[in-house]
Undergrad: 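I am attaching a structure below and will ask some questions about it afterwards.
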2 protein chains.
Amino acid sequence: MAQDRLDAVKLDGTGPIYDQIRRSIRDLILGGTWPPGTSVPPEHALMEQLGASRMTVHRALVQLAREGLITRRRRSGTVVASPPTTHAMLDILSIPAEVERLGQRYAYEVLARHDGRPSPELALRFGLKRGEKIAHLVTLHRADDRPHVLEERVIHLATVPAAAAEDFARTPPGDWLLQHSLWSQAEHAISAIPAEPDDAALLDIAAGEACLLIERRTWNQAAPVTAVRLLYPGNRHRFVGRFGPYGAV
Amino acid sequence: MAQDRLDAVKLDGTGPIYDQIRRSIRDLILGGTWPPGTSVPPEHALMEQLGASRMTVHRALVQLAREGLITRRRRSGTVVASPPTTHAMLDILSIPAEVERLGQRYAYEVLARHDGRPSPELALRFGLKRGEKIAHLVTLHRADDRPHVLEERVIHLATVPAAAAEDFARTPPGDWLLQHSLWSQAEHAISAIPAEPDDAALLDIAAGEACLLIERRTWNQAAPVTAVRLLYPGNRHRFVGRFGPYGAV
DNA sequence: AGCCCTTAATTGCATAGGCAATTGGACGCT
DNA sequence: AGCGTCCAATTGCCTATGCAATTAAGGGCT
């Protein structure tokens, strides 16, 4: 049976050898021939079977391990991993890109801006420290003149000082930040809430209507960069993602 | 200046050499020292500078390229990539795991089940073919006895015949499918909708209240496996994901 | 049986060297 | 100047080999 498994791994002659090995084993796993827990032949066996060097076999297996399809331990060997917890990968495009992909005309306006230290209410809502200097912006994005999303954003001026001198007249803050700052960590939260009367008026919907709320906070190293609340009219927008079980499609 | 870039890459002595190189360059990029477009020293220069073999340097650079931080082309060399479109990675746990992570007691019940060919209305809602055999389930999941999520699911019996003989009395359909079927592709859509009266009654909320709707369809190779609509009371649940800009954190 | 020690299987990491593929740029020709 | 040709820089891939780290399993001792 170990021999069966060995024989099942085949080269197809297309592309680099390590990739042929990787794809062959991947297909055996995804096709169900090697269910989770199956032990994968050791490197030296594959090496002899396939006539490849150990480093080449190793490279294929390391990559499969990084993709989460197999787990490897010294001496114990390599086994097919259990399917991981499912990840849903959503593309969070910039809002202009999002609107244009829908084939609609994009426009936006800055409704309000206030720089300085946050009010207690604001500090609470965005998890800010009392004393820090921030820019606080409210922006409405439109698609074909209809309100598309209401954006409320805080920019940490200590991390992005250039934002203080930018009026965001031409570039919406999200896009501007992508070009003028770096981030290494982000946190997203998605929830559904009824629209507050004020927000509903701006979005041109009825108060209490279901809205999709995306909250994102971004850091570079440990320094906070920005925090944003994006409020979408729920019936007008949905986020779609397509992907495979192991990260890469 | 090329020499400056070379000098900036340093080993810190912790962990494998290839990983020291990888982290050193990654930090130069994420820290802004090497903005997008900066050209990374060629392998042989790094190799001499660091006293490592070319394969070791190569391994570090290949990994950075796979992470999307750099792009490499023969002859042209290696340059720091522009930040990619942002991905939001959400963990879609199984529902029992989700509830237990909140520290609440999990329970569920199958409210309805019907096997056979889909009604026109159902076929439309889940994108089914008229003639195909399916199992149709409605399940309510509870956390500490309060309704947590309402699940409506279709299982394609042609792809998962074993589901016909399973009553899902002990294991909810989502978890059962994870163990008894494979999937290679999934599509998620997230939106916010007001609760229909029937659904609201089951979820113990007011009709029209904002709910988070997750629709997921799953395939193995080209064969459809299952489709599910998960309706969460919006104010009781949010999906959170934390991640870096380049896929892996 | 229980416990410790040794052995060996297996993966992880690194080196050294070589050939292949791509392509920017220099060079020469018109 | 414009065009084609050739060269060389750079990355991509592979082989062969060796040592290190981990640890399952067996063997020996009490």
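Everything numeric in this text was worked out from a predicted model, so none of it was measured. No hydrogens, no waters, no symmetry mates; every other heavy atom, side chains included, goes into these values. The sequence lines fix the lettering, A, B, ..., with proteins before strands; numbering per chain opens at 1.
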Undergrad: To the nearest Å, how far apart are B:Tyr18 OH and C:dG12 C1'?
TA: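 Interatomic distance, OH of B:Tyr18 to C1' of C:dG12: 8 Å.
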
Undergrad: Using whole Å, report how far CG of A:Leu46 lies from P of C:dT10.
TA: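 Going from CG in A:Leu46 over to P in C:dT10 covers 11 Å.
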
Undergrad: So, is B:Arg54 near the phosphate of C:dA14, with a side-chain N or O under 4.0 Å from OP1 or OP2?
TA: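 No, no such contact exists.
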
Undergrad: Test your reading of the model: is there a side-chain donor-acceptor pair from B:Arg153 to the backbone of B:Ala227, 3.5 Å cut-off?
TA: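 No.
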
Undergrad: For the residue pair B:Glu132 / B:His156, report whether a side-chain donor-acceptor contact shorter than 3.5 Å exists.
TA: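 The answer is yes; a qualifying pair exists.
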
Undergrad: Within the 4.0 Å heavy-atom criterion, would you say A:Ile17 contacts the bases, only the backbone, or no part of the nucleic acid?
TA: sugar-phosphate

Undergrad: Calculate the interatomic distance between B:His58 atom NE2 and C:dG17 atom P; express it in whole Å.
TA: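 Computing the B:His58:NE2 to C:dG17:P distance gives 18 Å.
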
Undergrad: Given atom CE of A:Met47 and atom C1' of C:dT11, what is their separation to the nearest angstrom?
TA: 14 Å

Undergrad: For B:Glu43 and C:dC19, give me the distance from atom CD to atom P, rounded to whole Å.
TA: 18 Å

Undergrad: If you find the nucleotide of DNA chain D closest to A:Arg73 and the one closest to A:Gln20, which residue's nucleotide is nearer the 5' end?
TA: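 Per heavy-atom nearest nucleotide, the more 5' residue is A:Gln20.
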
Undergrad: Is any side-chain N or O of B:Thr56 closer than 4.0 Å to OP1 or OP2 of C:dT15?
TA: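 For C:dT15, OP1 or OP2 has a side-chain N or O of B:Thr56 closer than 4.0 Å.
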
Undergrad: Can a side-chain donor-acceptor contact be found between B:Glu98 and B:His148 if the only test is distance below 3.5 angstrom?
TA: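 Distance-only check passes for B:His148 and B:Glu98.
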
Undergrad: Taking 5' to 3' order, which nucleotide of DNA chain D is first and which is last to have an atom within less than 4.0 Å of a heavy atom in chain A?
TA: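 Both ends considered, the range comes out as D:dC13 to D:dA25.
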
Undergrad: Choosing from C:dA14, C:dG17, C:dG25, which nucleotide comes nearest the side chain of B:Met55?
TA: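 Of the options given, the side chain of B:Met55 lies nearest C:dG17.
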
Undergrad: Using only side-chain N and O atoms of A:Arg72, determine if any of them is under 4.0 Å from OP1 or OP2 of C:dT11.
TA: yes

Undergrad: Please check if any side-chain donor atom of A:Arg142 sits under 3.5 Å from a side-chain acceptor atom of A:Gln104, or the reverse.
TA: no

Undergrad: Decide whether B:Gln179 and B:Asp175 meet the rule of one side-chain donor and one side-chain acceptor closer than 3.5 Å.
TA: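 No.
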
Undergrad: Between B:Arg217 and B:Gln185, do the side chains contain an N or O donor and an N or O acceptor separated by less than 3.5 Å?
TA: no

Undergrad: Using a 4.0 Å heavy-atom cut-off across all strands, classify B:Gly15 as base, sugar-phosphate, or nothing.
TA: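 Answer is nothing: B:Gly15 stays at 4.0 Å or more from every strand.
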
Undergrad: What is the separation between atom CD on A:Gln63 and atom P on C:dG12, rounded to the nearest whole Å?
TA: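 It works out to 14 Å between those atoms.
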
Undergrad: Nearest-nucleotide wise, let me know which of A:Ala52 and B:Arg75 is further upstream toward the 5' end of DNA chain D.
TA: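 The answer here is B:Arg75.
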
Undergrad: Measure the distance from CD on B:Glu48 to P on C:dA16 and round it to the nearest whole Å.
TA: 12 Å

Undergrad: Is the gap between the ring centers of B:Tyr232 and B:Phe239 under 6.0 Å?
TA: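 Ring centroids of B:Tyr232 and B:Phe239 are less than 6.0 Å from each other.
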
Undergrad: Nearest whole angstrom, please: distance from the P of C:dA9 to the NE2 of A:His44.
TA: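 Roughly 8 Å, once rounded to whole Å.
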
